[in-house]
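Just below is one structure, and these are the notes that go with it.
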Amino acid sequence: MPFEHSGEIDAARDELYRIRHSLAHVLAQAVLEMREGATLGFGPPIQDGFYYDFVLPEPITEADFPELERRMRRILKKGQRFYQEELPKAEALARIDEMGEPYKREYAQELCEKNGLESLSFYRNGPFLDMCEGPHVDTSKDIPRDAFKIRSVAGAYWRGDSRNTMMTRIYAWAFEDKTALDAYVEAYELALERDHKKLGKELDIFTIDNEIGRGLPLWLPNGTVIRDELEKLARELEFADGYQRVATPHIAKQDLFYRTGHLPYYADDMYPPIEVLEQTEHGDVVKEAYVLKPMNCPHHHKIFASSLRSYRELPLRLAEYGHVYRFEDSGAVGGLLRVRGMCMNDAHIYCTEEQIADEFRNVISLYDRAYSILGLKEYFLRLSCWDPEDPQGKNKYVDEPEAWESSQVILRNILNELNLDYVEAKGEAAFYGPKIDVQFPTVTGREESVSTVQLDFAIPKRLDLKYIGPDGDEHVPYCIHRAPFSTHERFVAYLIEHFGGAFPTWLAPVQVQVLTVSEQFDAYAQGIVNELRADFVRAELGSTSDTVSKKIREGTTRKIPNLLIVGEREVEAKEVTLRRYGIREQTTMPFAAFKEKLRATINTRALEFVL
RNA sequence: GCUCACAUAGCUCAGGCGGUAGAGCACUUCCUUGGUAAGGAAGAGGUCAUCGGUUCAAAUCCGAUUGUGAGCACCA
């Protein structure tokens, strides 16, 4: 039966699927052995294995994994056959009652009522019985005993709803054989080395200080270089596309956000208001509330509204790397990926309905240019639509069904016309309109929305934005919200993981480090550094008192893209020896030639040094 | 916010079944002037997250708090 559960794979029911699914039953059997009275939730196969949810009388922790695995292996060894049985509705429900499985019962009931099923399928292997659609292996002997590994235990809400019981979810990896498992685990552990939190610390990119506050990263000099370079790139691309830059304050009166519709629904996501007393000209004292802005849109809208606009000014594209603050749940905050204070590559494009398609195409083209400069390929697009059937829909989405449908059609048509691959996701829209999100995987395989393009058909009207059309009448503009470079926080997190901390020269905090063979060449090296810095290259002199090996080790550990080694030979011929990150062969060339190639590498934002 | 785990030097970690701590790296100083991933020596650095409880005695045991991690929920 279709387990409608996040994490489920919709793969062909192949052999590996059966193995994983069957292992879930074996795991459940072992858990029931160890924790009498445990009840069952869902236990589906997932991308790299399977999980099973339980309500346990006594918690299971990591310390129990070895015993759990031992018991699972023992079960596999027994060669239990998997028997399927299809029972008519009434009998099936009676059996589930007998099993004493309240969660299975709830789901069974729902399957019968909502999906109109007349019978339910059960699988039995050994003493373990589960309501389950299958398919499974024939016998537990078909499952390799050394190709699974219990990975972690975590809490998970029954049916993914936080109003329900928190169950215990046990995750495990499972593959067709030990080689595949080992390879996967090794790759996984290798990927963890790229974790932006780990590299962010090692490479001095950012730090988080408890006295500043959770989710409020401090950007160190190295990280600030990366931000500045990204911002510079964004500025150039946006300038070329006709954007104008604006700058707005970090706070605004609370009332503004009531008008846009963000409040009261999003109060939980905002820092509470700052209340101040202000004196009016009559001497009265009036209370005024200000909030930290959770997005830049209202401020930009007010810039749009600051003068009478003609259709001739449209599309009007206002851009700002703007700081916003969101009071994210404590459990969601982590590293740079989810923060409470962030700087967003924001822009709002005000346009007529006829201009929407062109503007979207331009924005997507800008994404394309930006990502190809950075060499990003791992992302996919998601068309995020509203969910008309959401029971909370009235609170979640602007109540204009026709506008929703027509604007979704516009976005879908653009994606199709540009021949872009995308997935469609219900219930992921912004409250004011549909969006196209750019989804990236993190090192651990979790998916995050990095960038977004959104069509807003609601807020301009609420804020009474208007322009005078060719007909001389007032019209409400459409607004496109877009953030190709996301927030600095999330984007840099992603870039750290993408590059494994080894940034291309143009983006690297230190672009060139000059190392001397001995201190007697320090003056020559310093001269090189000075000359490069005069050309705005981020060059520095390596430590002067260590051995050459040590200096190279240090430069390499810091993942500096270009190390220049100078000794007697180089000084005499006015040369430098270039050692690029990750490449053992070196190139000796005249310093003037190096400088020229370096400039070209930086100016073209090349991913590799242009030799 | 929820479940579970964790919190020892700037970093990475060891140790501690109750008697106030240790390594490597980094740092400082000295020696070494070395051609491709750690030259050598010395020194400094911690009331073992915070608060409370038990105890003759707590860094170790218990509780709370705070923070961190994984997952879930959330994610304009």
Side-chain angles (χ1 to χ4, degrees), chain A residues 5-7 41 51 53-56 59-64 151-171 192 195 197-198 201-202 204 207-211 213-214 257 260-263 265-266 268-270 293-298 324 326-335 337-339 344 384 396-398 428-433 435 437 444 446 448-449 452 454 456 458-459 481 483 490 515-522 544-557 563 565-570 577 579 584-586 588:
Chain A
H5 213 85
S6 68
Y51 67 75
D53 290 341
F54 307 90
V55 174
L56 301 169
I60 277 183
T61 67
E62 250 174 75
D64 299 308
R151 173 167 51 127
S152 62
V153 58
Y157 296 109
W158 166 241
R159 312 218 63 189
D161 188 329
S162 59
R163 290 167 301 188
N164 292 340
T165 312
M166 171 69 68
M167 303 179 117
T168 302
R169 175 171 296 177
I170 299 176
Y171 282 98
L192 294 186
D195 186 301
K197 293 191 286 293
K198 182 175 156 67
K201 186 183 272 183
E202 285 172 11
D204 292 319
T207 187
I208 292 174
D209 186 298
N210 213 9
E211 288 190 277
R214 169 190 266 170
F257 291 92
T260 56
H262 291 98
L263 287 172
Y265 305 126
Y266 293 93
D268 286 349
D269 298 286
M270 290 167 65
K293 60 177 174 180
M295 69 284 301
N296 300 302
C297 336
V324 298
R326 298 176 188 180
F327 194 72
E328 299 284 350
D329 285 336
S330 58
V333 172
L337 273 176
R338 257 316 248 294
V339 293
M344 187 180 283
S384 303
K396 262 171 101 171
Y397 307 110
V398 172
E428 297 284 354
F431 81 89
Y432 46 68
K435 50 185 188 158
D437 291 316
T444 48
R446 201 172 60 202
E448 288 283 357
S449 284
T452 182
Q454 309 169 354
D456 182 347
I459 298 181
H481 308 237
R490 195 169 277 187
L515 309 177
T516 54
V517 171
S518 102
E519 276 177 27
Q520 60 195 108
F521 312 112
D522 284 357
T544 54
S545 65
D546 291 309
T547 57
V548 181
S549 295
K550 181 70 180 291
K551 292 176 198 177
I552 288 177
R553 181 185 156 81
E554 203 193 302
T556 307
T557 310
L563 300 180
I565 293 128
V566 296
E568 198 175 357
R569 303 198 289 265
E570 286 80 5
T577 293
R579 179 179 170 128
R584 270 175 185 275
E585 312 91 83
Q586 306 175 133
T588 300

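These values consider heavy atoms only, across backbone and side chains, with no hydrogens, waters or symmetry-generated copies. All chains are named by letter (A, B, ...) in the order of the sequence lines, taking the proteins before the strands, and each is independently numbered beginning at 1. The model shown is predicted, which means the values in this text are computed figures rather than measured ones.
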Looking just at side-chain N and O atoms, do Glu570(A) and Thr577(A) make a donor-acceptor pair shorter than 3.5 Å? yes

If we call it a pair only when both distances are under 3.5 Å in a Watson-Crick or G-U wobble match, what pairs with rG10(B)? rC25(B)

For Gly433(A), answer base if it contacts any base atom (sugar-phosphate contacts may also be present), sugar-phosphate if it contacts only those atoms, and nothing otherwise; contact means non-hydrogen atoms under 4.0 Å. nothing

Return no unless some side-chain N or O of Lys201(A) is found under 4.0 Å from OP1 or OP2 of rA26(B). no

Taking atom C1' in both rU50(B) and rC6(B), compute the distance separating them and give it to the nearest angstrom. 16 Å

With a 4.5 Å limit on heavy-atom distance, are the side chains of Ile552(A) and Arg579(A) in contact? yes

Which of these nucleotides, rA70(B), rA76(B), rG34(B), is closest to any side-chain atom of Val517(A)? rG34(B)

Measure the distance from CG on Asp546(A) to P on rC30(B) and round it to the nearest whole Å. 14 Å

Is Lys198(A) salt-bridged to Glu202(A), going by a charged N under 4.0 Å from an acidic O? yes

Using a 4.0 Å heavy-atom cut-off, does Thr452(A) contact any base of the nucleic acid, only the sugar-phosphate backbone, or nothing at all? nothing

Between rC13(B) and rU8(B), how many Å separate the two P atoms, rounded to a whole number? 10 Å

Between Arg151(A) and rA70(B), is there a side-chain N or O to OP1/OP2 distance below 4.0 Å? no

Counting N and O atoms only, with roles assigned by atom type, does the side chain of Ser518(A) sit under 3.5 Å from a partner on the main chain of Gln520(A), one being a donor and the other an acceptor? yes

Watson-Crick/G-U partner (both atom distances under 3.5 Å) of rC4(B): rG69(B)

Regarding Arg214(A), tell me which of base, sugar-phosphate or nothing describes its non-hydrogen contacts under 4.0 Å with the strands shown. sugar-phosphate

Taking any heavy-atom pair under 4.0 Å as a contact, classify Asp329(A): base, sugar-phosphate, or nothing. base

Check: Tyr266(A) and Pro294(A) side chains under 4.5 Å, non-hydrogen atoms: no

Nearest-Å distance for atom pair CD/P, residues Glu554(A) and rG39(B): 11 Å

Reading RNA chain B from 5' onward, which residue's closest nucleotide shows up sooner: Ser162(A) or Thr577(A)? Thr577(A)

Given that both distances must come in under 3.5 Å, which nucleotide forms a Watson-Crick or G-U wobble pair with rG18(B)? none

Using a 4.0 Å heavy-atom cut-off, does Glu62(A) contact any base of the nucleic acid, only the sugar-phosphate backbone, or nothing at all? nothing

Scanning all shown strands, the Watson-Crick or wobble mate of rA37(B) with both distances under 3.5 Å is none

Assigned partner base of rG52(B), Watson-Crick or wobble definition, under 3.5 Å: rC62(B)

Think Lys551(A) has a side-chain N or O under 4.0 angstrom from the OP1 or OP2 of rU36(B)? no

Suppose we call a contact any N or O donor and acceptor under 3.5 Å apart; does that hold for the side chain of Arg338(A) and the base of rC74(B)? yes

Go through rU33(B), rA76(B), rG71(B) for me and flag the one nearest to the Gln520(A) side chain. rU33(B)

Within less than 4.0 Å of OP1 or OP2 of rU36(B), is there a side-chain N or O belonging to Lys550(A)? no

Say whether Lys551(A) and Thr516(A), considering side chains only, have a donor N or O and an acceptor N or O under 3.5 Å apart. yes

It should be established whether Tyr266(A) places a side-chain nitrogen or oxygen under 4.0 Å from OP1 or OP2 of nucleotide rC74(B). no

If you look at every strand shown and take non-hydrogen atoms under 4.0 Å, does Asp269(A) touch a base, only sugar-phosphate, or nothing? base

Whole angstrom is fine here: how far is it from CD in Glu448(A) over to P in rA73(B)? 13 Å

Let's test this: given Watson-Crick or G-U wobble pairing with both distances under 3.5 Å, identify the partner of rC75(B). none

How many Å lie between CG on Leu515(A) and P on rU33(B), as a whole number? 20 Å

The residue, Met166(A) or Thr556(A), whose nearest nucleotide of RNA chain B is more 5′ is Met166(A)

Select base, sugar-phosphate, or nothing to describe what Glu570(A) touches, counting heavy atoms under 4.0 Å on all strands. base

Mind checking Arg163(A) for me? I need base, sugar-phosphate or nothing, with any heavy atom below 4.0 Å counting as a touch. nothing

Closest nucleotide among rA37(B), rG34(B), rC4(B) to the Thr61(A) side chain: rC4(B)

Using the side-chain heavy atoms of Glu328(A), tell me which of these nucleotides is nearest: rC4(B), rA37(B), rC74(B). rC74(B)

For the C1' atoms, the ones on rG18(B) and on rU55(B), what distance do you get once it is rounded to whole angstrom? 9 Å

Could you check, using the six-membered ring where one of them is a Trp, whether Phe431(A) and Tyr397(A) have ring centers closer than 6.0 angstrom? no

Rounded to whole angstrom units, what separation is found between the CD1 atom of Ile170(A) and the P atom of rA70(B)? 20 Å

What integer number of Å spans the P atoms of rA7(B) and rG63(B)? 15 Å

Nearest whole angstrom, please: distance from the C1' of rC2(B) to the CG of Asn164(A). 12 Å

Of the listed nucleotides rC72(B), rG1(B), rA5(B), the one nearest the side chain of Arg169(A): rC72(B)

Is the distance from OP1 or OP2 of rU36(B) to the nearest side-chain N or O of Ser549(A) less than 4.0 Å? no

Has the side chain of Glu211(A) got a donor or acceptor that lies under 3.5 Å from a partner of the other kind on the base of rG67(B)? no

Expressed in angstrom and rounded to an integer, what is the separation of Ile60(A) atom CD1 from rA70(B) atom C1'? 17 Å

Within the side chain of Asp64(A), is there an N or O that forms a donor-acceptor pair under 3.5 Å with the backbone of Thr61(A)? yes

Do Tyr157(A) and rG71(B) have a side chain to base donor-acceptor pair shorter than 3.5 Å? no

Side-chain heavy atoms of Thr556(A) within contact of Leu563(A), under 4.5 Å: yes

Under 4.0 Å between any heavy atoms, over every strand shown, what does Gln586(A) touch: base, sugar-phosphate, or nothing? Just pick one. base

Arg584(A) vs rA37(B): side-chain N/O to OP1/OP2 distance below 4.0 Å: yes

For Ala332(A), which contact category applies under a 4.0 Å heavy-atom criterion: base, sugar-phosphate, or nothing? base

Could you check how far CD of Glu519(A) sits from P of rC31(B), rounded to whole Å? 11 Å

When you measure from the side chain of Thr547(A), which nucleotide among rA76(B), rG39(B), rG71(B) comes out closest? rG39(B)

Partner lookup for rG45(B), please. Criteria are Watson-Crick or G-U wobble with both distances under 3.5 angstrom; report none if nothing qualifies. none

Select base, sugar-phosphate, or nothing to describe what Gln454(A) touches, counting heavy atoms under 4.0 Å on all strands. sugar-phosphate

Listed nucleotide nearest any side-chain atom of Ser518(A), set rG34(B), rG35(B), rG71(B): rG34(B)

Distance-only donor-acceptor check, side chains Tyr157(A) and Arg159(A), under 3.5 Å: no

